[in-house]
Amino acid sequence: MNSFSYDCSTRIEMGMDKALQLPQLLRSLQTGSSVLLVSDPGVIRAGLVAPIQTALEEAGFSVSLFASLSQNPRDTECLAGAAVFRDAAADMVVSIGGGSAMDTGKTIALCGPNGGTPADYADGRLPYDNIAPIICIPTTAGTGSEVTRSAVITESSSHRKMTLKHAALRPTLAVLDPALTFSVPPSVTAATGVDALVHAIEGYTCRVTNPISQALGARAMQKIVSALPAAYADGRNEAARYDMLEGSLLAGLCFGSADVAAVHCLAEALGGLYDTPHGVANSVFLPHVLRYNAAENKPMHARLARYMGFAGDSDGDELAVEKLIDGIEAFTDSLGIPKLKDLPGIRVEDFPKIVELSLRNGSTPSNVRTVTADDYLFILEQAYRS
């Protein structure tokens with residue numbers, strides 16, 4: 001019998017307008033009185049940060065704002081944020097936004113009090129100690145970073161996607177407010193939603209999964225496949241937005257104590273080279289990695305097809321797997337996700353570099369089927385021809 005461990009120390013608060021209750025929540029946690037808000041310019045322009053900042057200031061908190069970050073956050077940006085953290089004598093980091101803001105906030109909470117670079121921690125040169133309290137308020141339903149132990153940061157000098165991973169990086173508090181997702185445009189809704197779906201699929205299937213992650217992943221798949229088309233069609237559909245935020249949360253809890261796998265390895269390589277939005281990159285590789293993986297594990301992938309409603313209980317495993325691949329392709333097509341060959345900057349001559357970066361990713365060994373350089377190249381070529 002296999003042994004496993006599951007850990008999530010994050011306090012989770014979910015509900016409409018929960019974000020405006022942040023001052024009371026912080027008081028109950030006794031995390032201090034000086035806040036560094038981390039967000040991105042788009043979220044600020046959407047008007048999502050100002051009400052929270054005002055509520056904090058009216059409650060007596062000292063608030064500083066850092067918003068110099070990219071959609072694929074870079075180590076240089078994290079270090080700039082860490083300097084602001086120190087200059088402000090901040091007690092905690094409150095991240096408001098998608099995965100880029102939350103991963104940047106985690107890294108600032110690590111490097112701000114301790115110094116060093118993100119690479120020092122990702123490569124094991126410095127310990128994950130003395131991390132400032134991290135509070136995450138997601139504005140997209142996708143990343144799950146509000147409950148995970150990881151932050152993915154691009155090393156500017158090499159384009160390497162570094163994964164900082166430690167239980168101490170789990171946020172102290174996650175505040176999930178569906179109202180903050182109403183203004184997310186359809187294309188971002190689609191990409192982040194498929195990202196959450198990949199989290200659930202890879203957290204369920206990876207080699208280091210566990211029964212708790214699989215239970216959470218199965219429920220997340222059901223929620224996301226049902227709710228995403230409705231949220232994509234009508235961003236102010238309150239029920240769909242709530243279900244997507246819940247599905248993303250469940251998916252984060254699924255992979256957060258397991259791992260991701262080959263889809264993410266390829267997607268992170270693409271993001272590092274071309275700054276491709278993470279959810280889009282995941283989408284273009286998902287059906288091709290599923291086909292590759294299912295060749296050696298049809299029963300598991302047939303279960304995925306049934307969870308997502310692409311296959312029925314009466315379908316045999318072989319048929320269910322085919323329905324899974326066809327269903328995922330039709331699903332992403334219906335959401336307007338582009339194909340690999342249509343993404344900006346993609347060049348066939350870069351495929352060896354994409355393969356190299358994917359192989360170096362620490363999640364490659366977690367893929368349910370062993371992946372070699374030749375396998376990654378084959379998947380890339382299949383995705384490019386589709």
Side-chain angles (χ1 to χ4, degrees), residues 70-76 99-100 103 118-119 122-123 142-143 150-165 187 190-192 194-195 197-199 201-202 205-207 255 259-296 325 328-329 332-333 337-386:
S70 309
Q71 65 180 357
N72 286 295
R74 296 173 171 81
D75 53 355
T76 51
S100 59
D103 285 5
D123 296 338
T143 177
S150 304
V152 179
I153 304 297
T154 300
E155 187 174 49
S156 301
S157 61
S158 67
H159 301 288
R160 172 177 63 132
K161 285 273 193 172
M162 302 177 289
T163 300
L164 286 69
K165 184 180 291 187
S187 61
T192 55
V194 176
D195 184 23
L197 183 61
V198 177
H199 290 155
I201 291 170
E202 295 201 309
T205 60
C206 71
R207 293 186 179 188
F255 88 90
D259 201 0
V260 290
V263 176
H264 267 78
C265 297
L266 285 162
E268 289 172 7
L270 220 61
L273 282 176
Y274 307 115
D275 216 24
T276 306
H278 181 62
V280 172
N282 271 325
S283 301
V284 301
F285 293 122
L286 177 57
H288 307 284
V289 173
L290 284 174
R291 186 179 294 280
Y292 173 82
N293 285 340
E296 284 194 2
I325 311 299
I328 287 290
E329 288 183 324
T332 56
D333 285 348
I337 304 281
K339 300 295 186 183
L340 178 61
K341 61 179 177 290
D342 298 323
L343 297 179
I346 300 296
R347 303 189 314 158
V348 173
E349 50 266 44
D350 290 340
F351 281 10
K353 182 64 174 177
I354 296 171
V355 169
E356 176 194 343
L357 290 170
S358 300
L359 278 174
R360 289 171 59 189
N361 192 300
S363 294
T364 285
S366 293
N367 195 62
V368 67
R369 181 181 177 188
T370 300
V371 192
T372 66
D374 287 342
D375 296 326
Y376 269 134
L377 183 60
F378 174 78
I379 293 167
L380 265 170
E381 291 170 344
Q382 290 291 307
Y384 192 77
R385 286 199 293 265
S386 68

Would you mind reporting whether Val284 and Thr276 have side-chain heavy atoms less than 4.5 Å apart?
-> no

What ring-ring contact (aromatic ring centres under 6.0 Å, His included) pairs are there with at least one residue in residues 358-377, not counting sequence neighbours?
-> none

So the salt bridge (Lys or Arg N to Asp or Glu O under 4.0 Å) pairs with at least one residue in residues 355-378 (sequence neighbours excluded) are Glu296-Arg369, Lys353-Glu356, Glu356-Arg360

Distance-only donor-acceptor check, side chains Asp350 and Tyr274, under 3.5 Å = yes

Any ion pair linking Arg160 and Asp75 (charged N to carboxylate O, less than 4.0 Å)?
-> no

Report yes or no: does His159 contribute a side-chain atom to a donor-acceptor pair with the main-chain N or O of Leu273 at less than 3.5 Å?
-> no

If every non-hydrogen atom of Leu380 is compared with every non-hydrogen atom of Leu340, which pair is closest and at what distance?
-> O-CD2, 3.9 Å

Okay, side chain of Lys341, backbone of Ser386: is any donor-acceptor separation there less than 3.5 Å?
-> yes

Option among Thr192, Thr332, Ile328 that satisfies the side chain to side chain contact (heavy atoms under 4.5 Å, CB included) test with Leu197 = Ile328

Side-chain contact test, heavy atoms from C-beta onward, threshold under 4.5 Å: evaluate it for Arg207 versus Pro365 and give yes or no.
-> no

Compute the centroid of each ring, for Phe351 and then for Tyr384, and state whether the two points are separated by less than 6.0 Å.
-> yes

Close side-chain approach of Arg385 and Lys339, heavy atoms under 4.5 Å | no

Contacts of Val260 that satisfy side chain to side chain contact (heavy atoms under 4.5 Å, CB included) - sequence neighbours left out = His199, Glu202, Phe255, His264, Ser363

